[in-house]
Amino acid sequence: KPMARFDDQNLYHNATDFYLLDDEVKSLQDFIDVHKLPFSKDYLQICFDMFEMSYRGAYPTLGFICLMFGLESLFNTGGPEITKTISRHVAVLLSKDKEDGIKIYGDIRELYKIRSDIVHGRKNFSVTISELLMLRQYVRDSINKAAFLSLDKGELFDLLNIHGFERSG
């Protein structure tokens with residue numbers, strides 16, 4: 001039965017119109033079977049809260065910023081080169097091979113540049129639906145992978161720092 005999905009055309013519509021595809025039902029059930037919500041790790045719960053909040057914004061730009069805040073809660077420890085660190089850590093965590101890692105790294109760098117332009121008032125524009133959906137997928141996948149690793153934030157940070165795009169743990 002339809003449950004929870006947005007599409008490109010109707011991003012902000014009534015929750016009764018959401019649905020899961022068959023393969024998504026299995027993924028969701030696997031996740032529910034393993035994890036108890038709220039997450040016991042604060043950084044994961046903050047990211048999850050931001051992910052959920054991204055669906056509630058009146059504009060795609062607000063959802064986009066929520067998703068970026070979520071990535072920052074997962075991958076930022078307050079050090080220098082935040083764009084590089086977050087982009088690399090998402091790529092290492094999610095990539096299947098080097099080429100995939102390079103693509104993810106580039107995507108996140110571009111998305112983070114948009115975030116920086118918005119937050120620092122350098123541009124006044126709307127985020128596209130495709131940018132929002134791409135970021136939402138990366139955040140969703142990052143939450144899933146980080147939750148299954150079940151590491152403290154510092155341990156996750158260290159693990160991602162020592163691995164390349166081919167393998168994240």
* To do: Can you measure from OG (Ser54) to CZ (Arg140) and round to the nearest 0.5 angstrom?
  => 8.5 Å
* Worked verdict on Asp141 versus Leu93 for side chain to side chain contact (heavy atoms under 4.5 Å, CB included) -> CA-CA 9 Å; Asp141 292 346; Leu93 184 66; over 6 Å; no
* Please report the shortest heavy-atom distance between Ser95 and Asp100, naming the atom on each side. => CA-OD2, 3.3 Å
* In the single-linkage hydrophobic clustering (I, L, V, M, F, W, Y; side-chain heavy atoms under 4.5 Å), do Ile32 and Val25 co-cluster? -> yes
* Asked: Can you find a pair of side-chain heavy atoms, one from His120 and one from Arg115, that are under 4.5 Å apart?
  -> yes
* Asked: With side chains defined as the heavy atoms from C-beta onward, is the minimum distance between Leu67 and Met50 less than 4.5 Å?
  -> no
* Asked: Quick one: CD1 on Ile104 to OH on Tyr138, what's the gap to the nearest 0.5 Å?
  -> 5.0 Å
* Hey, are the side chains of Asn161 and His89 touching, using non-hydrogen atoms and a 4.5 Å cut-off? -> yes
* Structure fact -> dist Asp107:CG -> Glu131:CD (nearest 0.5 Å) comes out at 10.5 Å
* Does one side chain, of Glu72 or Tyr112, offer a donor that lies under 3.5 Å from an acceptor on the other? -> yes
* Which distance, rounded to the nearest 0.5 Å, do you find between the OG of Ser116 and the CG of Leu111? -> 11.0 Å
* Ser142 versus Leu94: any side-chain heavy-atom pair under 4.5 Å? -> yes
* To do: Looking only at non-hydrogen atoms, find the nearest pair between His35 and Ala147 and report the distance.
  => CE1-O, 3.1 Å
* Asked: So which heavy atom on Pro80 is nearest to which on Thr85, and how close?
  -> O-OG1, 3.7 Å
* What do the steps show when you test Phe64 against Arg136 for side chain to side chain contact (heavy atoms under 4.5 Å, CB included), and what is the final call? -> CA-CA 8 Å; Phe64 183 91; Arg136 186 172 284 141; over 6 Å; no
* Is the closest side-chain heavy-atom distance between Val139 and Cys47 below 4.5 Å? -> yes
* To the nearest 0.5 Å, tell me how far Asn76 CG sits from Glu81 CD. => 12.0 Å
* **Nearest heavy atoms of Arg88 and His163, plus distance in Å** => NH2-O, 2.6 Å
* Asked: Between Phe39 and Ile143, does a side chain to side chain contact (heavy atoms under 4.5 Å, CB included) hold up when you go through it step by step?
  -> CA-CA 10 Å; Phe39 288 108; Ile143 291 168; 4.0 Å; yes
* With sequence neighbours left out, what residues match Phe51 under ring pair (Phe, Tyr, Trp, His ring centres under 6.0 Å)? -> Tyr55
* Report yes if some heavy atom in the side chain of Gln137 is under 4.5 Å from a heavy atom in the side chain of Leu133; otherwise report no. => no
* Quick one: are Tyr43 and Leu156 in side-chain contact, heavy atoms under 4.5 Å? -> yes
* To do: Could you tell me whether Asp22 and Lys26 have a side-chain N and a carboxylate O separated by less than 4.0 Å?
  => no
* To do: Compute the centroid of each ring, for Phe75 and then for Phe157, and state whether the two points are separated by less than 6.0 Å.
  => no
* Point-to-point distance, once rounded to the nearest 0.5 Å, from OG of Ser73 to CD of Gln45 -> 10.0 Å
* Asked: Which salt bridge (Lys or Arg N to Asp or Glu O under 4.0 Å) pairs, counting each pair once, include a residue from residues 147-160, with sequence neighbours left out?
  -> Lys41-Asp152
* Would you indicate whether the side-chain heavy atoms of Tyr59 and Val127 approach each other to under 4.5 Å? => no
